[in-house]
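Below you'll find the structure I mean.
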Amino acid sequence: MRIDVVSLFVDFFRGPFDASLLGRARTEGLLDLRVHDLRDWARDRHRTVDDQPYGGGAGMVLKPEPFFDAVEQLYGSVEARPRTVLLTPRGRTLTQQLVEQLAAEPQLLLLCGRYEGIDERVHRALATDEVSVGDYVLAGGEAAACILVEAVTRLLPGVMGNATSGVDESFAAGLLEYPHYTRPASYRGMDVPAVLTSGDHAAVAAWRREQAVATTRQLRPDLFEAWRRSDGEGAG
Ligand SMILES: C[S@@+](CC[C@H](N)C(=O)[O-])C[C@H]1O[C@@H](n2cnc3c(N)ncnc32)[C@H](O)[C@@H]1O
């Protein structure tokens with residue numbers, strides 16, 4: 001998969017895009033991740049990409065021209081652009097379901113805002129998706145882009161060591177995941193549940209299912225209700 005990211009602060013991505021899972025996915029050629037400096041498409045010698053808001057008010061707004069020029073240079077035309085995600089607090093909240101959809105695309109373009117945000121014409125004419133990482137305001141879209149890229153990359157074929165490890169994960173089936181334990185079996189008076197050391201695979205699977213339901217019910221009643229309605233099983 002190829003992902004292009006357009007940002008005003010390309011140094012932000014040093015580290016997050018090079019370390020661990022993302023670094024490995026890039027080295028192994030599973031992810032072609034390219035970060036572009038918005039200033040490369042500034043039109044004056046001062047490399048200006050922002051201006052004051054029409055109508056007044058505090059803060060600066062990122063101009064439309066550099067974004068349109070970036071898209072035209074990267075893909076030939078606006079029409080030829082891939083699925084284009086503009087990171088913004090007003091967007092649809094990123095969920096595992098949306099991550100799965102995005103991971104199925106051959107190519108993505110991510111647009112990061114700064115300051116007061118990006119000129120509305122970029123939202124309207126370039127963004128195919130407006131995505132938020134939560135109901136809070138960040139200083140820029142870069143941290144949000146890192147979250148999206150990491151969540152998407154985990155799902156790319158060949159990226160996760162164990163191909164089945166995503167199947168049981170939180171949100172995959174509308175529930176949170178069951179609790180995990182590793183050695184030692186007893187630690188500071190806290191014991192690993194006996195069923196996990198029983199060797200009885202069916203009992204382990206049943207316990208995990210039960211725990212996933214109970215954890216979701218306790219920690220995320222909203223998810224639990226949605227799961228109960230769609231699954232039809234209920235949990236008693
Ligand atoms: C300081 S914010 C602008 C906030 C904007 N004035 C508002 O009130 O909605 C600057 C940039 O950070 C990014 N950003 C901030 N919060 C975000 C969030 N929750 N999800 C995704 N991007 C976010 C966006 O790209 C935004 O253009």
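Atoms within each ligand, like the ligands themselves, are counted from 1 in listed order.
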Between side-chain atoms of residues 131-139 and protein atoms elsewhere (two or more places apart, or another chain), which donor-acceptor pairs fall under 3.5 Å?
| unit_1 | atom_1 | unit_2 | atom_2 | d |
| --- | --- | --- | --- | --- |
| Ser132 | OG | Gly134 | N | 3.0 |
| Ser132 | OG | Gly134 | O | 2.9 |
| Tyr136 | OH | Val133 | O | 2.8 |

Can you pull the residues with any heavy atom under 4.0 Å from ligand 1?
Leu87, Thr88, Pro89, Gly113, Arg114, Tyr115, Glu116, Gly117, Val131, Ser132, Val133, Gly134, Tyr136, Val137, Leu138, Ala139, Gly140, Gly141, Ala144
By side-chain contact (heavy atoms from CB on, under 4.5 Å), which residues pair with Gln218, not counting sequence neighbours?
none
Can you name the one residue among Arg90, Arg92, Arg124 that meets salt bridge (Lys or Arg N to Asp or Glu O under 4.0 Å) with Glu130?
Arg90
Does the pair Ile3 and Arg34 meet the rule for a side chain to side chain contact (heavy atoms under 4.5 Å, CB included), with working shown?
CA-CA 6 Å; Ile3 305 180; Arg34 307 179 193 189; over 6 Å; no
How long is the gap from CG on Leu98 to CG on Asp129, to the nearest 0.5 Å?
6.5 Å
Report all side-chain donor-acceptor pairs from residues 7-17 shorter than 3.5 Å, counting only partners two or more places apart or in another chain.
| unit_1 | atom_1 | unit_2 | atom_2 | d |
| --- | --- | --- | --- | --- |
| Ser7 | OG | Phe9 | N | 2.8 |
| Ser7 | OG | Glu142 | OE2 | 2.7 |
| Asp11 | OD1 | Arg14 | NE | 3.2 |
| Asp11 | OD1 | Arg14 | NH2 | 2.9 |

